[in-house]
Amino acid sequence: RGQHPSTTHPSTTHTTLCIACMEASANSVQPHIASMGSRNFLQLSHLAVYSTAAVYTIYGVFFAILLARTLHSYPLFPLDSESLPWLQSWLVTTVFDYYGAALCLCGIILHTEGFKVGILWCAACLLLGSPFCCLWTIQHVLRYKSLKLCTVSKPASSLYEPVDHDE
């Protein structure tokens with residue numbers, strides 16, 4: 001089995017939704033755990049996985065309803081830039097749309113960068129906008145040469161449980 005250039009095998013490390021660690025072989029794609037240099041990654045517990053999925057599901061459903069109501073009440077076309085209610089409605093919808101997408105990216109950032117660095121990147125993405133989302137993506141792809149998402153080989157039984165690479 002080939003190894004990703006940044007894969008290491010320390011005695012204990014944490015794993016998460018790791019980016020840049022899927023490796024294609026001639027016949028299949030083999031997942032493996034990557035630590036990306038000296039970084040440790042976090043794997044969510046079963047409860048945290050379902051809680052996270054529930055939060056994103058709730059936000060997604062909320063936004064779908066908001067978008068449907070906005071489209072029904074104030075159709076996007078023809079543009080009605082002279083109508084204050086039309087403008088206000090689409091401004092609110094657009095803001096919720098941006099934050100929904102940014103929060104998805106922030107979930108990846110937090111679990112890729114770790115809490116301290118991740119929270120700074122998330123604050124920049126949420127408060128200063130898409131230029132910082134792009135900046136994180138640029139620095140990440142330059143550092144790790146990929147943006148692929150991969151799976152981990154062992155589920156954790158508690159939040160942030162160490163995963164043994166030797167299994």
Side-chain angles (χ1 to χ4, degrees), residues 1 3-4 6-25 28-72 92-130 132-137 139-141 143-144 146-167:
R1 176 177 123 163
Q3 293 294 314
H4 189 279
S6 63
T7 301
T8 60
H9 293 280
S11 60
T12 57
T13 190
H14 299 279
T15 322
T16 190
L17 171 72
C18 56
I19 297 178
C21 71
M22 288 298 271
E23 176 181 273
S25 68
S28 67
V29 176
Q30 301 174 356
H32 62 276
I33 298 171
S35 65
M36 291 187 200
S38 63
R39 299 185 108 122
N40 291 326
F41 294 97
L42 306 175
Q43 181 173 338
L44 296 175
S45 71
H46 203 64
L47 175 62
V49 166
Y50 288 110
S51 298
T52 301
V55 168
Y56 284 120
T57 300
I58 290 166
Y59 196 98
V61 169
F62 160 76
F63 182 73
I65 292 168
L66 175 65
L67 181 61
R69 289 181 68 191
T70 302
L71 285 166
H72 181 266
V92 168
T93 302
T94 302
V95 167
F96 276 103
D97 188 23
Y98 171 76
Y99 280 104
L103 288 171
C104 291
L105 179 60
C106 284
I108 294 169
I109 291 171
L110 274 173
H111 285 86
T112 302
E113 300 294 336
F115 185 76
K116 289 179 184 176
V117 173
I119 207 77
L120 294 173
W121 274 112
C122 289
C125 290
L126 294 171
L127 299 174
L128 301 173
S130 58
F132 284 86
C133 296
C134 292
L135 186 60
W136 179 82
T137 304
Q139 67 82 30
H140 191 84
V141 77
R143 186 182 313 157
Y144 301 115
S146 179
L147 284 176
K148 288 184 180 181
L149 300 177
C150 68
T151 58
V152 293
S153 62
K154 177 184 172 188
S157 62
S158 65
L159 189 60
Y160 309 132
E161 175 185 303
V163 176
D164 186 5
H165 284 315
D166 297 328
E167 293 183 0

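Just so you know, residue 1 is the first one in the sequence shown, and it goes up from there.
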Tell me whether Tyr50 at atom OH has more than 12 heavy atoms from other residues, nucleotides or ligands lying less than 6.0 Å away. no

Nearest 0.5 Å, please: how far is CD1 in Ile109 from CG in Leu120? 11.0 Å

With rounding to the nearest 0.5 angstrom, report the OG to CG distance, Ser130 to Leu135. 11.5 Å

Under the criterion side chain to side chain contact (heavy atoms under 4.5 Å, CB included), I'd like the reasoning laid out for Trp136 against Thr112: C-alpha separation, chi angles, the key distance, then a yes or no. CA-CA 11 Å; Trp136 179 82; Thr112 302; 4.2 Å; yes

Per side-chain contact (heavy atoms from CB on, under 4.5 Å), Arg69 is matched among Leu71, Leu66, Ile65 by Ile65

Single hit among Thr94, Thr93, Val92 for side-chain contact (heavy atoms from CB on, under 4.5 Å) with Phe96: Val92

Parallel under 30°, tilted from 30 to 60°, perpendicular over 60°: which one fits the rings of Tyr144 and His140? tilted

Separation of Phe63 CZ from Thr70 OG1 (nearest 0.5 Å): 7.5 Å

Atom pair OG1/CG of Thr52 and Leu47 - distance to nearest 0.5 Å: 9.0 Å

Return the CD1 to CG distance between Ile108 and Leu103, rounded to the nearest 0.5 Å. 11.5 Å

Smallest separation among heavy atoms of Leu126 and Cys106, with atom names: CG-SG, 4.0 Å

Euclidean distance, Phe132 CZ relative to Thr137 OG1, rounded to 0.5 Å: 13.0 Å

Kindly give the heavy-atom pair with the smallest separation between Tyr59 and Gly100, and that separation in Å. CE2-CA, 3.2 Å

Which heavy atom in Tyr98 sits nearest to a heavy atom in Cys133, and how many Å separate them? OH-SG, 3.7 Å

